[in-house]
Protein chains: 2
Amino acid sequence: MADPQARLDEMITKLKERDHRLTPQRMAVLKILAANEGHPSVEQIYERVKADFPMTSLATIYKTVTLLKEMGEILELGFSNDGNRYDGIRPYPHPHLICTECKNIVDPDVATLSELRQEVAQSTGYQIVSHRLDFFGICPQCQEKE
Amino acid sequence: MADPQARLDEMITKLKERDHRLTPQRMAVLKILAANEGHPSVEQIYERVKADFPMTSLATIYKTVTLLKEMGEILELGFSNDGNRYDGIRPYPHPHLICTECKNIVDPDVATLSELRQEVAQSTGYQIVSHRLDFFGICPQCQEKE
DNA sequence: GTAGGTGCAAATCGTTTGCTGATTC
DNA sequence: GAATCAGCAAACGATTTGCACCTAC
């Protein structure tokens, strides 16, 4: 499930099932989201798409991202300050590790997470639907720079 | 540490130490944050303060909240959609449980959380500075309404 | 008296929306 | 050919800022 090409094909299939069209711009956005390098922001996607299609507008990126989000094909990491970030390769809740210096985002392995959800559900009576777990820190590269 | 009055006194002390003043509006904001009922938003604080001081402006609420945030006396829960929410009684990272229906926020007890941080730090080499853990679900009251 | 605070209005920034003309299927 | 999409500009909502007046200390 971490194969960008397979993920891209899957997204394309899902779009066609819903009678959505594959324009060159949209294709470029899909590729970037499926690659998921550093969990890009809309602005970053925009810059990369403009390299191939200089006419592209920000609104188009937003529209495609919103569509994929509604389809559940990408995971949105919302931030109240900076812009939101997106994960197109693992569109389900999972922990993230965010470098506060370079703003890169990676996926750490966390073994004991599902226990946490159960623990909270049992002790509170809530019906847990989703979760969000972010760790903030300084990545090894940025530590060296200091 | 969950005593609103003690927390209020502590905030007042911290403000005076920094040569900040205690205006009636600011006092009202502090009280609401120290009570921490449901982790209020700026808008909610504004509405409650206006009950006592109708002249109060939103900007003043924002300025006080920003000041307290910078002083580390309140915890900000940023949300990219809805407005941010604040915790004035436990101004350090801890898990939250958010009802997606009524938007209320409570603090669940989670035992195994500190292990998680260590696990991530060790396996990634990051210097973990902070974290954020949110669970989204439907609270018992809202479950009954359905 | 003075540093700091308040209230107002305007500015900001990420995101959304309305519309018109173009494009995919 | 028709439904969908792209691009542009205007609208939006939460938050911030600039500034003149005010007030706690």
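Chain identifiers are assigned alphabetically (A, B, ...) following the order of the sequence lines, protein sequences preceding nucleic acid strands; residue numbering begins at 1 within each chain. When reading the values below, keep in mind they use all heavy atoms of this one structure, side chains included, and skip hydrogens, waters and symmetry mates.
Both B:Arg18 and B:Phe53 lie near DNA chain C, and the one whose nearest nucleotide falls closer to the 5' end is B:Arg18. Mapping A:Arg26 and B:Val42 onto DNA chain D by nearest heavy atom places A:Arg26 closer to the 5' end of the strand. The nearest heavy atom of DNA chain D to B:Lys16 and to B:Tyr62 marks one nucleotide each, and the one closer to the 5' end goes with B:Tyr62.
For the side chain to side chain contact (heavy atoms under 4.5 Å, CB included) test with B:Leu33, the passing option among B:Asp87, B:Thr64, B:Ile45 is B:Ile45; the others fail. Checked against B:Tyr86 for a side chain to side chain contact (heavy atoms under 4.5 Å, CB included), the options B:Val42, B:Leu75, B:Leu68 give a single hit: B:Val42.
Counting only heavy atoms from C-beta outward, the side chains of B:Leu116 and B:Leu113 approach each other to under 4.5 Å. Between A:Thr60 and A:Lys63 there is no side-chain heavy-atom pair separated by less than 4.5 Å. The side-chain heavy atoms of B:Asn36 and B:Arg90, taken from C-beta on, include a pair separated by under 4.5 Å. Between A:Thr124 and B:Val106, the closest side-chain pair of non-hydrogen atoms is not below 4.5 Å. When side chains are defined from C-beta on, B:Leu15 does not count as touching B:Arg21, because their heavy atoms never get closer than 4.5 Å.
Using cut-offs of 30° and 60° on the angle between ring planes, the pair B:His94 and B:His39 is tilted.
Looking at residues 73-88 of chain A, you'll see A:Gly83, A:Asn84 sit with a heavy atom under 4.0 Å from some atom of DNA chain C.
For the helix from C:dT12-D:dA14 to C:dC25-D:dG1, the terminal axes (five pairs an end, C1' atoms, rotation from four pairs onto the next four) enclose an angle of 30°, given to 10 degrees.
A straight line from CD of A:Glu47 to C1' of C:dG14 spans 15 Å, rounded to a whole angstrom. Nucleotide C:dC13 holds its C1' atom 15 Å from the OH atom of A:Tyr46, rounded to whole Å. Atom pair A:Asp19:CG and D:dC5:C1' shows a separation of 14 Å (rounding to whole Å applied). Between B:Met27 atom CE and C:dG5 atom P there is a gap of 15 Å when expressed in whole angstrom units. One interatomic measurement links the two molecules: CD of B:Glu43 to P of D:dT16, which rounds to 14 Å at whole-angstrom precision. Protein atom CD of B:Gln44 is 12 Å distant from nucleotide atom P of D:dT15, rounded to whole Å. As a whole-Å value, the separation of A:Leu15 CG from C:dT23 P is 20 Å. Here the P atom of nucleotide D:dC8 and the NZ atom of A:Lys50 are 10 Å apart, to the nearest Å.
Residue A:Cys139 comes nearest to A:Cys102 through the heavy atom pair SG-SG, 3.9 Å, listed as atom of the first residue, atom of the second, then distance. Of all the heavy atoms in B:Ile128 and B:Ala121, the pair that sits closest is CG1-CB, 3.8 Å.
A cation-pi arrangement is found for B:Arg132 relative to B:Phe79, the charged atom lying closer than 6.0 Å to the ring centre and inside a 45° cone about the ring normal.
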(request) If a protein heavy atom is under 4.0 Å from the base, mark B; if only from the sugar-phosphate, S; if neither, -; do that for nucleotides 18-24 of chain D going 5' to 3'. (result) B----BB
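Salt bridge status for B:Glu73 with B:Arg7: present, with a side-chain N to carboxylate O gap under 4.0 Å.
At a threshold of 4.0 angstrom between heavy atoms, the contacts of B:Gln25 are confined to the sugar-phosphate backbone, with no base atom among them.
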